[in-house]
Asks: 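Quick one: the structure is below, questions incoming.
Numbers restart at 1 for each chain; the letters A, B, ... are given by sequence-line order, proteins then strands.
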Number of protein chains: 2
Amino acid sequence: MISFDHHSSPAPEELPSELEGLRMTKQRREVLSVILAERDHPTANDVFTRSKERMPTISLATVYNCLEALVSHKLVKQVNFERESSRYCPNLNDHCHFQDEKTGTIHDVVFKKGVKLEDFLELPQGTEVSHLELSLKGRIGY
Amino acid sequence: MISFDHHSSPAPEELPSELEGLRMTKQRREVLSVILAERDHPTANDVFTRSKERMPTISLATVYNCLEALVSHKLVKQVNFERESSRYCPNLNDHCHFQDEKTGTIHDVVFKKGVKLEDFLELPQGTEVSHLELSLKGRIGY
DNA sequence: GCTGAAATTGGAATTATTCTAATTCGGGAT
DNA sequence: ATCCCGAATTAGAATAATTCCAATTTCAGC
């Protein structure tokens with residue numbers, strides 16, 4: 001039984017020119033494809049470095065702009081661990097993150113099938129949760 | 001049924017000179033008492049401002065030092081919402097945080113009695129979680 | 001009351017991120 | 001195809017939170 005989330009890597013290229021109402025510019029496409037290519041939760045700076053390989057003129061500001069556009073259009077998720085720099089994740093399913101303290105590697109962790117927030121949290125009724133972030137740190141079993 | 005966590009305010013003053021193996025200096029005592037006095041999840045800067053009222057010579061660096069000492073000795077919890085500045089919380093019980101999008105107010109939210117991580121997360125067996133942070137945003141029911 | 005280690009301090013430094021203002025791009029109308 | 005205009009990109013400056021540094025100060029144990 002696999003518990004950490006694994007993905008079959010979809011082809012990163014050939015994205016439509018508009019997605020979720022977001023104009024897919026060269027740079028946004030590049031940034032998105034970097035995030036899809038290596039699903040290792042890169043930081044903005046990682047994305048910048050990788051993007052420059054294929055698009056040497058891209059700027060860090062643009063990478064930040066693109067990331068913000070992709071996140072707000074829900075094509076990518078932003079991942080935070082305490083005050084570390086934000087990381088980016090293409091897994092759009094409901095999930096959270098586990099950071100291996102040994103290696104720093106971040107793994108996606110899925111919620112058990114059918115679990116609802118009210119099942120494990122004492123939330124006042126009527127509370128509407130618009131955003132949830134659950135971050136774990138620890139050591140992986142062997 | 002109360003769902004958000006409420007506290008009876010314990011007396012902030014007269015803390016011992018050593019706590020959890022941490023030397024309780026004037027400044028650490030002051031910082032801790034500020035956090036205990038108003039349980040509104042202040043930022044480091046909030047703590048600095050409030051501390052200065054009674055201890056005008058305290059420096060921001062010291063506030064950061066004290067907070068780090070208190071957090072690492074588990075007398076206070078550090079609370080993060082995305083990339084906002086860290087906030088500090090004297091509630092040592094297992095709990096998480098809900099930020100009201102309307103007001104910015106942060107509420108403690110407790111886990112349902114007896115709930116374990118494995119009840120709602122697909123964690124590989126043998127995984128040891130040493131740190132968990134769950135942050136919610138949304139709107140409160142009326 | 002000394003002494004050494006730890007804590008405090010003010011200011012400088014760092015880091016991630018955002019802002020700014022100028023330029024470029026690209027799609028629709030002509 | 002060309003013009004136009006709003007949006008996107010860019011380089012660099014600015015900001016904000018936090019950490020670092022080096023010089024004092026404190027204080028617990030002798």
Side-chain angles (χ1 to χ4, degrees), chain A residues 15-35 41-52 54-73 75-88 104 106 135, chain B residues 15-35 41-52 54-73 75-88 104 106 135:
Chain A
L15 296 161
S17 69
E18 185 160 337
L19 212 45
E20 306 281 331
L22 178 68
R23 205 169 120 195
M24 262 299 153
T25 64
K26 283 201 295 303
Q27 290 83 348
R28 286 172 184 170
R29 196 182 343 268
E30 174 58 29
V31 165
L32 178 52
S33 82
V34 161
I35 293 171
H41 303 89
T43 63
N45 207 64
D46 294 336
V47 173
F48 177 48
T49 305
R50 294 178 198 173
S51 295
K52 269 203 294 198
R54 306 163 88 203
M55 187 181 276
T57 58
I58 199 171
S59 75
L60 180 56
T62 299
V63 169
Y64 272 103
N65 289 342
C66 293
L67 288 171
E68 128 77 9
L70 293 170
V71 167
S72 67
H73 285 75
L75 295 169
V76 154
K77 283 188 175 175
Q78 188 166 5
V79 177
N80 298 291
F81 275 89
E82 322 213 314
R83 304 263 325 145
E84 294 172 26
S85 42
S86 287
R87 296 170 173 280
Y88 297 87
I106 291 169
S135 304
Chain B
L15 296 161
S17 69
E18 184 160 338
L19 212 44
E20 305 281 329
L22 178 68
R23 205 169 117 194
M24 262 299 155
T25 63
K26 286 202 294 299
Q27 289 84 348
R28 286 173 182 167
R29 190 175 297 111
E30 173 58 29
V31 165
L32 178 53
S33 83
V34 162
I35 292 171
H41 303 90
T43 63
N45 207 63
D46 294 336
V47 173
F48 177 50
T49 306
R50 294 178 198 172
S51 296
K52 269 203 295 198
R54 306 163 89 204
M55 187 181 278
T57 58
I58 199 170
S59 75
L60 180 56
T62 299
V63 169
Y64 273 103
N65 290 341
C66 293
L67 288 170
E68 128 77 8
L70 294 170
V71 168
S72 67
H73 284 75
L75 295 170
V76 155
K77 284 188 175 175
Q78 188 165 7
V79 178
N80 298 292
F81 275 89
E82 322 213 312
R83 302 264 325 145
E84 294 172 26
S85 43
S86 287
R87 296 170 173 278
Y88 298 87
I106 291 168
S135 304

Asks: How close or far is atom C1' of dT9(D) from atom NZ of Lys52(A), stated in whole angstroms?
Replies: 15 Å
Asks: Where is the tightest heavy-atom contact between Ala44(A) and Val63(A), given as atom of each residue plus distance?
Replies: O-CG1, 3.6 Å
Asks: Can you tell me how far P of dA16(D) sits from CG of Asp46(B), to the nearest Å?
Replies: 15 Å
Asks: For a quick test of reading the model, state the closest non-hydrogen atom pair linking Ile58(A) to Phe48(A) and the distance between them.
Replies: O-CE1, 3.3 Å
Asks: Could you tell me if Asp46(B) and Thr43(B) have a donor-acceptor pair between their side chains, going purely by distance under 3.5 Å?
Replies: yes
Asks: Just N and O in the side chain of Arg83(A): are any of them under 4.0 Å from OP1 or OP2 of dT18(D)?
Replies: yes
Asks: Using atom types as modelled and distance alone, determine if a side-chain donor or acceptor of Arg83(B) lies under 3.5 Å from a backbone N or O of Arg83(A).
Replies: yes
Asks: Under 3.5 Å, side chain of Arg54(B) to main-chain N/O of Glu30(B), donor-acceptor pair present?
Replies: no
Asks: Check whether any side-chain N or O of Ser135(A) sits under 3.5 Å from a backbone N or O of Glu82(A) as a donor-acceptor pair, and report yes or no.
Replies: no
Asks: Might you list the N or O atoms of the protein lying below 3.5 Å from N or O atoms in nucleotides 24-30 of chain D, with each pair's distance?
Replies:
none

Asks: OP1 or OP2 of dA7(C) less than 4.0 angstrom from a side-chain nitrogen or oxygen of Arg28(B), does that happen here?
Replies: yes
Asks: Would you please confirm or rule out a distance under 4.0 Å between OP1 or OP2 of dC25(C) and any side-chain N or O of Gln27(A)?
Replies: no
Asks: Taking the side chain as every heavy atom from C-beta outward, state whether Val71(B) and Tyr88(B) have any atom pair closer than 4.5 Å.
Replies: yes
Asks: Taking atom C1' of dA17(D) as reference, at what distance in whole Å does atom CG of Asn80(B) sit?
Replies: 12 Å
Asks: Is there a residue in residues 56-65 of chain B whose heavy atoms reach under 4.0 Å of DNA chain D, and which residues are they?
Replies: Leu60(B), Ala61(B), Tyr64(B)
Asks: Distance-only, no hydrogens or angles: does the Arg29(A) side chain make a donor-acceptor pair with backbone N or O of Met24(A) under 3.5 Å?
Replies: yes
Asks: Can you name the nearest heavy-atom pair linking Val31(A) to Val47(A), along with the distance?
Replies: CG1-CG1, 3.9 Å
Asks: Specify the separation, in whole Å, of atom NE2 of His73(A) and atom P of dA7(D).
Replies: 12 Å
Asks: For Ser86(B), report the nucleic acid contact type (base, sugar-phosphate, nothing); a contact means any heavy atom under 4.0 Å.
Replies: sugar-phosphate
Asks: Please state how far atom CZ in Phe48(B) lies from atom P in dT18(D), giving the value in whole angstrom units.
Replies: 14 Å
Asks: For Glu84(A) and dT14(C), give me the distance from atom CD to atom C1', rounded to whole Å.
Replies: 16 Å
Asks: In whole angstroms, how far is the P atom of dT8(C) from the CZ atom of Arg29(B)?
Replies: 11 Å
Asks: Can you measure Glu30(A) atom CD to dT9(D) atom P for me and round it to whole angstrom units?
Replies: 12 Å
